[in-house]
Every structure is written in structure tokens, then in C-alpha cells.
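Below are the C-alpha cells for one structure; questions will follow.
Numbers here simply count residues along the sequence, with the first being 1. Bear in mind that the values here come from a model prediction, so they are computed numbers and not experimental data.
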Amino acid sequence: MNDITITANGQSFTVRHDCPLTEFLEQQQLRRDRVVVEHNGGAVTPQAVDKIALKDGDRLEIVRIVAGG
């Protein structure tokens with residue numbers, strides 16, 4: 001299939017059609033247990049991360065979890 005374009009944190013990315021969200025996070029060197037993801041305006045639960053395949057035009061907001069005190 002053809003590549004698609006998605007937007008993550010306001011930046012455009014070209015990925016392969018039906019790229020799993022987990023694969024995209026790995027490509028961005030983001031650990032799935034260290035981020036919170038919003039997909040097309042909805043929060044993604046940790047259990048749902050494995051089930052999302054990205055589609056053309058999808059929008060992601062990815063926030064890194066930082067521990068501190």
C-alpha cells in the first residue's frame with residue numbers, strides 16, 4: 001500500500017499505510033510506558049495502544065511522562 005501522512009504534536013510524518021501506533025512510537029524513540037497518547041482527540045488507554053493502526057490524516061498528541069519532585 002501507499003504511504004500515508006499523519007500529524008503528531010503539530011508535525012507531519014509519512015508512515016506506511018496501517019502502521020501500528022506502537023511502531024510509530026518506536027520510530028520516534030518513545031517508550032510506550034513513558035508516554036500518554038491522544039489519537040484523533042480521544043485518550044488512548046495503555047491496553048488500546050496495541051490495537052491502533054494509523055490511517056491517513058490521523059492526529060496524535062504525545063506527552064512524555066516525567067517523574068520528578
Quiz item: Do Arg16 and Glu23 sit within salt-bridge range, that is, some charged N less than 4.0 Å from a carboxylate O?
Solution: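 Yes, Arg16 and Glu23 are salt-bridged.
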Quiz item: Any side-chain heavy atom of Gln11 sitting closer than 4.5 Å to one from Asn9?
Solution: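 Answer no - side chains too far apart.
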Practice problem: Look at the side chain of Asp18 and the backbone N and O of Ala53, then say whether any donor-acceptor pair between them is shorter than 3.5 Å. | Solution: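 No, because the side chain of Asp18 does not come within donor-acceptor range (under 3.5 Å) of the backbone of Ala53.
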Quiz item: Do Asp58 and His39 have side-chain N/O donor and acceptor atoms under 3.5 Å apart?
Solution: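 Per modelled atom types, Asp58 and His39 side chains form a pair under 3.5 Å.
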Exercise. Calculate, to the nearest 0.5 Å, the distance between atoms CD1 and CG belonging to Ile65 and Asp33 respectively.
Key: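 Going from the CD1 atom of Ile65 to the CG atom of Asp33 covers 8.0 Å.
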Practice problem: Kindly determine whether Val15 and Gln27 satisfy side-chain contact (heavy atoms from CB on, under 4.5 Å), including the steps that lead there. | Solution: CA-CA 10 Å; Val15 299; Gln27 290 171 357; 4.2 Å; yes
Quiz item: Atom CD of Glu61 and atom OG1 of Thr7: how far apart are they, to the nearest 0.5 Å?
Solution: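 The OG1 atom of Thr7 is 9.5 Å from CD of Glu61, to the nearest 0.5 Å.
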Quiz prompt | Flag side-chain contact, heavy atom, 4.5 Å: Ile52 against Val44 | solution =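 Contact flag for Ile52/Val44 side chains = yes.
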Quiz item: Does the side-chain contact (heavy atoms from CB on, under 4.5 Å) test come out yes or no for Leu60 and Phe13, once each step is laid out?
Solution: CA-CA 11 Å; Leu60 302 173; Phe13 292 87; over 6 Å; no
Quiz item: Of all heavy-atom pairs between Asn40 and Gly57, which one has the smallest distance, and what is that distance?
Solution: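 Scanning both residues completely, I find the closest heavy atoms to be OD1-O, 4.4 Å.
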Quiz prompt | Asp56 CG to Ile6 CD1 distance, which is reported to the nearest 0.5 Å | solution =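 One gets 10.0 Å once the value is rounded to the nearest 0.5 Å.
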Quiz item: What distance do Asp3 atom CG and Cys19 atom SG have between them, rounded to the nearest 0.5 Å?
Solution: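 Output value for this atom pair is 9.5 Å.
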Practice problem: Just do the side-chain contact (heavy atoms from CB on, under 4.5 Å) check on Ile62 and Glu38 with the steps written out, would you? | Solution: CA-CA 6 Å; Ile62 304 168; Glu38 184 179 275; over 6 Å; no
Quiz item: Would the number of heavy atoms belonging to other residues, nucleotides or ligands and lying under 6.0 Å from NZ of Lys55 be above 12?
Solution: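 Result for NZ/Lys55: enclosed.
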Practice problem: Calculate, to the nearest 0.5 Å, the distance between atoms OG1 and CZ belonging to Thr22 and Arg32 respectively. | Solution: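 If I round to the nearest 0.5 Å, the distance is 6.0 Å.
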Self-check item: Side chains of Arg64 and Leu30 in contact at under 4.5 Å (non-hydrogen atoms)
Solution: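 Yes. Closest side-chain heavy atoms under 4.5 Å.
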Exercise. Drop me the distance from Leu54's CG to Leu21's CG, to the nearest 0.5 angstrom.
Key: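 Separation between the atoms: 5.5 Å.
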